[in-house]
Structure formats: structure tokens, C-alpha cells
Amino acid sequence: MKILHILSFSLLASLLSTAAPSPLTPLPREQPQWWRKQYEQQVEQIKNNPCGVLFLGDSITDYWKREGKPIWEKAFSPYHPCNFGISGDQTTNLIYRITDSGIPAQTDPKLCIVMIGTNNTGYFKGGEAPEKNGHGNSGYR
């Protein structure tokens with residue numbers, strides 16, 4: 001029984017001492033599989049088309065090309081928009097996509113619109129400041 005207590009204490013101590021990743025650390029989503037495919041398709045699409053306005057974000061951005069398509073085409077088409085949004089992404093995922101692909105530098109947009117962070121808010125406990133939230137990809141791997 002004494003060994004069990006020592007092992008339990010050791011495990012608890014190691015969990016508590018592990019520093020949580022920063023919400024600013026670039027992290028890809030390992031699951032679901034569709035995420036990687038959608039990301040790679042977006043990179044190819046943006047590389048091969050002129051981009052006047054680059055939209056970066058999560059589902060709020062991503063859904064413009066489906067549910068918001070009529071408005072998207074009417075309001076943004078003249079400005080050569082590029083949609084680089086993926087549903088469920090957190091800040092760490094978008095930072096990964098930006099740094100991994102180099103999209104903003106490659107496309108040289110006239111304007112960049114960023115909508116991210118909604119999927120991070122559910123991980124704050126007790127009013128923690130965003131920089132203290134180290135849960136990065138929790139629930140989205």
C-alpha cells in the first residue's frame with residue numbers, strides 16, 4: 001500500500017509540475033482527419049488565386065463559403081476574397097496554419113480579417129486571463 005501511495009503522489013506531482021502549453025504556441029490538429037485535408041486544400045486554393053482580402057479564422061469564417069455564400073459573393077467577390085477559416089480551430093491552430101503555410105506573406109493581401117478565439121473561451125476557469133489558458137487543443141485532437 002505504501003508503494004501505491006508513493007506512485008500516486010509521484011504521478012500527481014509530475015502532472016502538476018508539467019507546464020501547460022501557451023495558447024500562442026502553433027499546434028496542428030491531429031484529429032479529425034478532415035482538418036488536414038481542408039487545410040491543404042485551402043493552401044493550394046489560395047496559392048493559385050489572387051487574394052485581395054484574406055479571411056483567417058474558425059467556423060464563423062469557414063461558414064461564409066456555405067451558409068453565407070450569397071452574401072459572400074455579392075459583398076466580397078469584387079475584392080478577391082480568400083477564406084482561410086476552419087471550423088473548431090483555436091488560436092494555436094490558426095497560428096500553426098499561418099506559420100506552416102506562410103499564406104499571408106505568399107498572397108500579399110490588401111486586407112486581412114481575423115476572427116479567432118471563440119473556441120478557446122470554453123477552457124477558461126475562474127476568470128483566468130487568456131495568457132494563463134494553456135489548453136491549446138484540448139477536446140480538438
Side-chain angles (χ1 to χ4, degrees), residues 1 3-141:
M1 190 66 149
I3 291 175
L4 182 59
H5 285 128
I6 291 170
L7 289 174
S8 298
F9 180 74
S10 296
L11 177 61
L12 181 59
S14 68
L15 289 173
L16 293 175
S17 67
T18 303
S22 166
L24 300 177
T25 301
L27 291 172
R29 284 170 54 187
E30 295 173 10
Q31 294 295 333
Q33 298 286 335
W34 60 263
W35 182 87
R36 174 65 58 183
K37 184 177 178 182
Q38 183 175 352
Y39 163 58
E40 290 171 356
Q41 288 173 343
Q42 287 178 340
V43 170
E44 286 306 309
Q45 180 185 13
I46 292 173
K47 282 183 181 178
N48 297 318
N49 292 300
C51 184
V53 180
L54 178 61
F55 288 81
L56 301 165
D58 52 28
S59 63
I60 296 168
T61 303
D62 187 13
Y63 286 2
W64 274 106
K65 61 188 168 214
R66 291 188 290 272
E67 283 79 6
K69 191 172 182 172
I71 296 169
W72 175 269
E73 289 177 356
K74 183 178 179 183
F76 300 119
S77 287
Y79 305 104
H80 305 286
C82 297
N83 189 324
F84 205 53
I86 296 184
S87 297
D89 267 9
Q90 295 182 349
T91 55
T92 55
N93 309 130
L94 180 59
I95 292 169
Y96 170 82
R97 292 191 291 121
I98 291 169
T99 57
D100 181 64
S101 66
I103 286 299
Q106 291 180 23
T107 59
D108 194 28
K110 303 279 186 245
L111 179 65
C112 187
I113 298 172
V114 181
M115 173 58 209
I116 196 71
T118 302
N119 296 315
N120 290 76
T121 59
Y123 298 101
F124 296 142
K125 295 177 179 69
E128 293 174 340
E131 60 273 8
K132 298 295 182 189
N133 175 3
H135 295 286
N137 284 343
S138 296
Y140 291 105
R141 286 186 156 220

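This structure is a prediction, so every number in the text was calculated from the model and none was measured.
The 12-atom threshold is exceeded at CD of E67, counting heavy atoms of other residues, nucleotides or ligands nearer than 6.0 Å. Under a cut-off of 6.0 angstrom, the local environment of NZ in K65 is crowded, with over 12 non-hydrogen atoms contributed by other residues, nucleotides or ligands.
Atom CD1 of residue I60 and atom CZ of residue F55 lie 13.0 Å apart, to the nearest 0.5 angstrom. Rounded to the nearest 0.5 angstrom, T92 OG1 and R97 CZ are separated by 10.5 Å. Atom CD1 of residue I103 and atom CD of residue Q42 lie 9.0 Å apart, to the nearest 0.5 angstrom. Here the CD atom belonging to Q41 is positioned 12.0 Å from the CD1 atom belonging to I46, to the nearest 0.5 angstrom. Distance check, rounded to the nearest 0.5 Å: CD1 of I86 to CH2 of W35 gives 5.5 Å.
Closest approach of F84 to L94, counting heavy atoms only: O-CD1, 4.4 Å. Residues V114 and I116 approach most closely at CG1-CG2, 3.9 Å, considering heavy atoms. A pairwise comparison of heavy atoms in G88 and N93 identifies O-OD1, 4.3 Å as the closest pair. Nearest approach of G57 to D89, heavy atoms of both residues: O-CB, 4.5 Å. Taking each heavy atom of I95 and P26 in turn, the nearest pair found is CG2-CG, 3.6 Å. In terms of heavy-atom proximity, G117 sits nearest to D58 at N-OD2, 4.1 Å.
Panel note: side chain D100, backbone Y96; no donor-acceptor pair is recorded below 3.5 Å.
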Name every donor-acceptor pair, under 3.5 Å, that has one atom in a side chain of residues 73-83 and the other anywhere in the protein, sequence neighbours excluded.
unit_1	atom_1	unit_2	atom_2	d
S77	OG	E73	O	2.8
N83	OD1	G85	N	2.9
N83	ND2	T61	O	2.8

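R29 has its side chain within reach of W34: a pair of non-hydrogen atoms, C-beta onward, lies under 4.5 Å apart.
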